[in-house]
Undergrad: 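First, the structure itself, so that you have it in front of you.
Being a predicted model, the structure only gives us computed values, none of them experimental. The chain is numbered in sequence order, starting from 1. Because only heavy atoms are used, hydrogens play no part in the values below, and waters and symmetry mates are left out as well, while side chains stay in.
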Amino acid sequence: MENFGALGLIAVIIVLFFLFLYYVPILLWFSARVSGVRISLLQLILMRIRKVPPTAIVRALIEAHKAGLKDVKRDELEAHFLAGGHIEKVVHALVSASKANIDLTFQMATAIDLAGRDVFEAVQMSVNPKVIDTPPVAAVAKDGIQLITKARVTVRANIKQLVGGAGEETVLARVGEGIVSSIGSSSSHKAVLENPDSISKVVLGKGLDAGTAFEILSIDIADIDIGKNIGAELQIDQADADKNIAQAKAEERRAMAVAEEQEMKAKAQQARANVIQAEAEIPKAIADAFRNGNLGVMDYVKYRNVEADTAMRDSISKPPQTAYRPPKGKDKDKDDK
């Protein structure tokens, strides 16, 4: 039992020792003192209480001190960390900017970092420009030939415009718009193929990097391909549309002619019906004439003779109808049977 009690006491002592080292980072304080960074042990303890990692703060201070940066303060680093910033990237960016003679203050670096941009990458891009490949841009020259262009845009980060400046998408959109405008204003696609650098000159002259976080250094045309003959396709489509319109109008006229023909047939049928109706009144008129004594027997006989003579003349004027006669061979076959 005494052994177990001694082991428990030793375990408690060890735990308390590590807790002491955790809340009182003596080794970290000694490392800062050796590196020339003046920071009190009390401040390191208070950092633990404020949920600020003292290791990251001390390392950032040591790096800034060794690089000769005097405007980096402990309180500002703590405030930037508590605001959600990345103190390591900020200090790395400040050191890189100092070595490259780039005017970058601590306030500007923290503002860029809190804006959501990678300040260290921005400084690297300012020193080493970045090449952005544009997607294929299709444009049509005045002669109706489509050209598909790919460009490479060399940009450098504009430190002063990183906060509130537009990103890569805006630069690519503006470059694509400039390419379309330059090709569209060309009289022929051959002129563009002969001098592709004319596109770069026109696009660069428009100041496309205004209001962006980048500075455009150059625009190089990487590839130009010939696409479709848009002008010919539009003419074909227009011809098809005109043909369809003409066919529709012709069909309309044909329908009107058919309707008029049917109307005339209906009028002819109505006229025949009127004639037949009028002819049906003749026997009644003859009967009334007989009753009233206005028509005699001899007059009626003459009327019938005129009708018979007219019918005979009509039959003579019509061509004779020949009866169908089968071939002689077929008649013989029937007789044999």
Side-chain angles (χ1 to χ4, degrees), residues 6-130 155-165 167-168 213-214:
L7 291 175
L9 181 61
I10 294 173
V12 171
I13 293 173
I14 293 173
V15 170
L16 292 176
F17 177 75
F18 279 107
L19 287 175
F20 175 79
L21 292 179
Y22 177 77
Y23 283 100
V24 185
I26 298 177
L27 297 178
L28 187 62
W29 172 78
F30 182 74
S31 176
R33 296 289 293 181
V34 172
S35 300
V37 177
R38 294 185 174 275
I39 186 171
S40 64
L41 186 62
L42 179 61
Q43 291 295 335
L44 295 178
I45 297 173
L46 294 177
M47 286 183 195
R48 291 290 188 188
I49 298 174
R50 290 193 292 264
K51 303 296 182 181
V52 177
T55 304
I57 300 296
V58 171
R59 287 179 180 177
L61 290 173
I62 293 173
E63 182 179 356
H65 178 73
K66 294 297 182 182
L69 302 177
K70 297 181 179 180
D71 57 343
V72 179
K73 306 298 181 181
R74 176 189 56 80
D75 293 337
E76 294 177 345
L77 288 176
E78 287 191 46
H80 185 64
F81 176 82
L82 293 174
H86 305 84
I87 56 178
E88 297 88 355
K89 291 184 179 180
V90 170
V91 175
H92 292 340
L94 290 173
V95 173
S96 299
S98 175
K99 299 302 181 181
N101 294 324
I102 297 175
D103 186 14
L104 179 64
T105 62
F106 181 81
Q107 287 75 14
M108 186 182 297
T110 54
I112 294 171
D113 184 59
L114 292 177
R117 298 185 183 272
D118 193 335
V119 60
F120 181 60
E121 182 182 356
V123 173
Q124 287 182 331
M125 191 184 300
S126 181
V127 177
N128 185 19
K130 180 181 179 181
V155 297
R156 180 172 58 192
N158 190 353
I159 301 296
K160 296 181 180 180
Q161 293 290 335
L162 284 176
V163 179
E168 293 184 9
F214 303 97

Undergrad: Just wondering, do Ile57 and Ile87 contact through their side chains at under 4.5 Å, heavy atoms?
TA: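 Of all side-chain heavy-atom pairs linking Ile57 with Ile87, at least one is under 4.5 Å.
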Undergrad: Can you tell if the side chain of Ile62 reaches within under 4.5 Å of the side chain of Ser31, non-hydrogen atoms only?
TA: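 When only atoms from C-beta onward are counted, Ser31 and Ile62 do touch, with a gap below 4.5 Å.
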Undergrad: Heavy-atom distance under 4.5 Å between the side chains of Val90 and Leu77, does that happen here?
TA: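 A side-chain contact under 4.5 Å is absent here.
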Undergrad: For the residue pair Ile159 and Leu104, what are the closest heavy atoms and their distance?
TA: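 Nearest heavy atoms, Ile159 then Leu104: CG2-CD1, 3.7 Å.
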Undergrad: Examine distances only and state if a side-chain atom of Ser98 and a backbone atom of Leu94 form a donor-acceptor pair shorter than 3.5 Å.
TA: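 No, the answer is negative, given that no donor and acceptor are paired below the 3.5 Å cut-off.
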Undergrad: Considering all heavy atoms of both residues, which atom of Met125 and which atom of Lys130 are nearest to each other, and what is their separation?
TA: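 Heavy atoms of Met125 and Lys130 come nearest at CE-CD, 3.6 Å.
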Undergrad: Less than 4.0 angstrom from a charged side-chain N to a carboxylate O is my criterion; do Arg59 and Glu63 meet it?
TA: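 So Arg59 does not pair with Glu63 through a salt bridge.
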Undergrad: Would you say the side-chain atoms of Thr110 pair up with the backbone N or O of Phe106, donor to acceptor, closer than 3.5 Å?
TA: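 Yes.
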Undergrad: Quick one: closest heavy-atom pair of His86 and Asp113, and the distance?
TA: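 What the structure gives for the nearest pair is N-OD2, 2.7 Å.
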Undergrad: For the residue pair Arg38 and Arg33, establish whether any side-chain heavy-atom pair is separated by less than 4.5 Å.
TA: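 Arg38 reaches Arg33 side chain to side chain.
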Undergrad: If every non-hydrogen atom of Gly84 is compared with every non-hydrogen atom of Leu114, which pair is closest and at what distance?
TA: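 Distance-wise, the nearest heavy atoms are C-CD2, 4.3 Å.
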Undergrad: Do you know the tightest heavy-atom contact between Ser96 and Phe120?
TA: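 Minimum heavy-atom contact is OG-CE1, 3.3 Å.
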Undergrad: Do other residues, nucleotides or ligands put more than 12 heavy atoms under 6.0 Å from the CG atom of Asp103?
TA: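 Result for CG/Asp103: open.
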Undergrad: What's the spacing between Arg156 CZ and Asn128 CG if we round to 0.5 Å?
TA: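 Reported value, rounded in 0.5 Å steps: 11.0 Å.
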Undergrad: How about Lys89 and Glu121: do any of their side-chain heavy atoms sit closer than 4.5 Å?
TA: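 Result no, sub-4.5 Å side-chain heavy-atom pair not found.
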Undergrad: Starting at CG of Asp71, measure out to CD of Gln107 and round the result to the nearest 0.5 Å.
TA: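 So the CG of Asp71 and the CD of Gln107 are separated by 7.0 Å.
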Undergrad: Could you pull out the closest heavy-atom pair between Ala122 and Ala157, with the gap in Å?
TA: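 It is O-CB, 3.3 Å.
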Undergrad: First locate atom CD of Glu78, then atom CG of Leu46, and finally report the distance between them rounded to the nearest 0.5 Å.
TA: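 Here the rounded value is 8.5 Å.
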Undergrad: Do Val72 and Glu76 come within less than 4.5 Å of each other through their side chains, counting heavy atoms only?
TA: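 Result no, sub-4.5 Å side-chain heavy-atom pair not found.
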